[in-house]
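Worksheet for the structure shown next.
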Amino acid sequence: MVGVTKITMMLWVLGVVFTFGAAAVGLAEANNVHNFYIKEANHPRLCKNKTILTVNGQFPGPTITARRGDVVIVNVYNQGNKNITIHWHGVDQPRNPWYDGPEFITQCPIQPGTNFTYRILLSDEEGTIWWHAHSDFDRATVHGAFVIHPKHGSFYPFKMPHKEIPIILGEWWKADVTHLLEESKRTGGEVNLSDANIINGQPGDFFPCSKDNIFKLPVQTGKTYLLRIINAGLTNDLFYGIAGHLLTIVGTDGRYTKPFTVKHIMISPGQTMDALLEADRAINGSSNGRYYMAARTFASNTALDFNNSTTTAILEYTDAPPSRRAGTPDFPNLPANLDMNAATEYTAQLRSLASKDHPVDVPMHVDHPMLITIAINVLPCAPNQTCDGPNGNRLAASLNNVSFQNPSIDILDAYYSSVNGVFEASFPNKPPFFFNFTDTVVPPELEVTKVGTKVKMLNYGDVVEVVFQDTTINGAETHPMHLHGFAFYVVGRGFGNYDKLKDPATYNLIDPPYQNTVTVPKAGWTAIRWRATNPGVWFMHCHFDRHTVWGMNTVFIVKDGKTPDTKMMKRPPSMPRC
């Protein structure tokens with residue numbers, strides 16, 4: 001990397017110059033302030049004591065509650081033993097990429113013994129989003145819910161719930177996740193499977209040493225509850241449901257949906273779902289007063305090992321007679337791990353609310369059509385090393401055959417300061433070669449990818465359409481693709497190879513779901529569309545964390561517009577230094 005000394009000095013100078021752009025989003029405007037202390041804490045699970053990285057000693061971390069349009073301040077004090085950053089997943093951060101959080105994309109990490117204050121600008125988000133670490137595998141334990149209520153005087157577009165409950169799905173490893181990542185990087189092989197799926201930090205009844213601490217949700221007959229469901233896992237798509245009860249989906253990714261009722265959902269890492277639960281099991285009409293809620297892995301790639309455990313929590317009617325709260329809870333009928341139809345049928349029901357108060361604005365003209373292939377690749381093993389990837393190579397991942405490599409300083413600072421040599425503005429609009437992307441037999445030479453730090457440049461106001469195309473290179477599977485800085489309309493999806501002549505005719509341009517994380521189907525494609533009206537540097541990546549580490553990422557840089565309110569805010573003086 002060139003000019004690092006020059007870059008460091010330039011960033012230091014920028015850091016000590018007070019900018020009125022940063023002051024415009026100051027503490028005076030903030031109506032919501034939180035202190036996050038990053039520190040280690042003991043959280044035993046599965047009959048084993050374990051020290052994990054936490055926020056304020058809590059796992060999961062604290063819930064942030066705000067209203068639409070608020071300014072939220074989070075003071076992060078790194079009292080841990082490693083570098084860290086925090087990302088506000090689902091917050092567009094208009095003109096404010098400085099506080100978005102991904103390490104070496106929009107900031108240098110917060111080093112141990114230092115602190116950094118995030119200013120989070122809420123705009124159109126309403127519903128459930130979340131926050132999490134965006135450094136290494138830290139989000140395995142550093143995460144929490146972020147709940148955004150309507151503005152004062154506004155109301156939910158559905159029945160007012162009696163109570164709101166975050167349901168955070170995740171994974172638990174007996175081993176230290178940092179060591180797991182280090183070992184995977186060293187060997188070039190897969191990351192070891194988690195030992196359990198978890199609900200609100202607990203594995204549940206079917207795991208040793210877990211019964212006493214299982215999460216319990218008390219309910220009363222006739223009440224309505226809003227479950228704010230988040231998949232915070234690193235590796236697993238999950239089926240989730242509650243025995244004896246239906247879920248009415250009313251939102252996803254901080255936006256409302258047309259309500260639809262299901263027995264279970266499929267939720268990918270990074271996604272959130274808002275679900276109404278009617279406590280309608282009348283205490284005199286049921287043989288039981290206790291019901292399991294459960295989650296199990298949806299495994300799309302049958303060639304890979306997967307965590308096939310089922311995590312449980314208990315929904316308990318507090319007004320049921322004691323005799324009905326003493327037995328074994330009823331168990332939900334979740335789909336089998338490999339049930340692709342169940343996952344696809346659920347996802348296909350998502351639609352934007354498209355009401356007067358929550359309208360849609362789907363772009364009809366596209367300035368930048370992009371076809372982006374998704375692949376699990378290999379890189380040659382270094383001389384005199386032994387690697388555990390396919391055919392003795394190292395595992396890698398790519399978008400359009402570019403395996404993204406983090407630079408040594410963050411891309412945002414390099415772009416803002418016009419520093420050369422940090423990234424290349426040459427991310428391709430299409431793959432370098434075309435083949436039958438979903439054929440079961442792929443030529444071995446297509447497995448090898450190229451490493452680079454390539455970004456896509458956009459003018460302010462450009463309309464972008466990305467068609468994600470899964471490939472069968474080293475096995476087809478679903479991929480949860482997340483875009484920072486924007487929500488996007490999911491206008492189309494299908495199986496097989498995308499056909500640019502036929503498939504656009506099947507698009508939903510009336511009420512497509514408005515999301516920030518979309519599940520690309522195994523051996524299929526998904527089309528998303530958005531307007532680039534948020535100047536800054538914005539990360540796009542797979543939310544399976546091992547795929548992110550392997551390089552399944554790119555960056556969109558949106559240039560400033562022509563008016564003051566369409567330009568990126570100036571660099572805050574307190575940004576961490578690399």
**Asked** Would you call F437 and Y498 a side-chain contact if the rule is heavy atoms closer than 4.5 Å?
**Response** no

**Request:** Establish, yes or no, whether a centroid distance under 6.0 Å links the rings of W131 and Y118.
**Result:** no

**Request:** Mark yes or no for whether R119, through its side chain, and Y99, through its backbone, hold a donor-acceptor pair below 3.5 Å.
**Result:** no

**Asked** What residue pairs, at least two apart or across chains, pass ring pair (Phe, Tyr, Trp, His ring centres under 6.0 Å) with a residue in residues 559-578?
**Response** none

**Item:** Aromatic contact, Y346 with F260 (centres under 6.0 Å)
**Value:** yes

**Request:** Determine, for R255 against D92, whether the closest basic-nitrogen to carboxylate-oxygen distance falls under 4.0 angstrom.
**Result:** yes

**Between T85 and Q107: side-chain donor-acceptor atoms closer than 3.5 Å** = no

**Atom CZ of F155: over 12 foreign heavy atoms under 6.0 Å** = no

**Message:** Between N236 and E171, is there a side-chain donor-acceptor contact under 3.5 Å, judged purely by atom types and distance?
**Reply:** yes

**Request:** Check whether any side-chain heavy atom of Y37 sits under 4.5 Å from a side-chain heavy atom of T54, and report yes or no.
**Result:** no

**Prompt:** Is there a donor-acceptor contact under 3.5 Å linking the side chains of T519 and S268?
**Reply:** yes

**Request:** Please examine the side chains of S355 and Y256, heavy atoms only from C-beta on, and report whether any two atoms are closer than 4.5 Å.
**Result:** no

**Complete:** Applying side-chain contact (heavy atoms from CB on, under 4.5 Å) to N231 and not counting sequence neighbours gives L238, I267, P269

**Item:** CG/L509: more than 12 non-hydrogen atoms of other groups inside 6.0 Å
**Value:** yes

**Prompt:** Hey, are S300 and T478 close enough side-chain-wise for a donor-acceptor pair under 3.5 Å?
**Reply:** yes

**Asked** Are the ring centres of F158 and Y156 closer than 6.0 Å?
**Response** yes

**Prompt:** For E164, which of T128, L227, V147, T63 qualifies under side-chain contact (heavy atoms from CB on, under 4.5 Å)?
**Reply:** V147

**Message:** Suppose we call two aromatic rings close when their centres sit under 6.0 Å apart. Are H541 and H484 close by that rule?
**Reply:** yes

**Request:** Assess the side chains of T117 and N75: does a donor N or O sit below 3.5 Å from an acceptor N or O?
**Result:** yes

**Request:** Flag the pair Y416 / W98 as yes when their ring centroid distance falls below 6.0 Å, and as no otherwise.
**Result:** yes

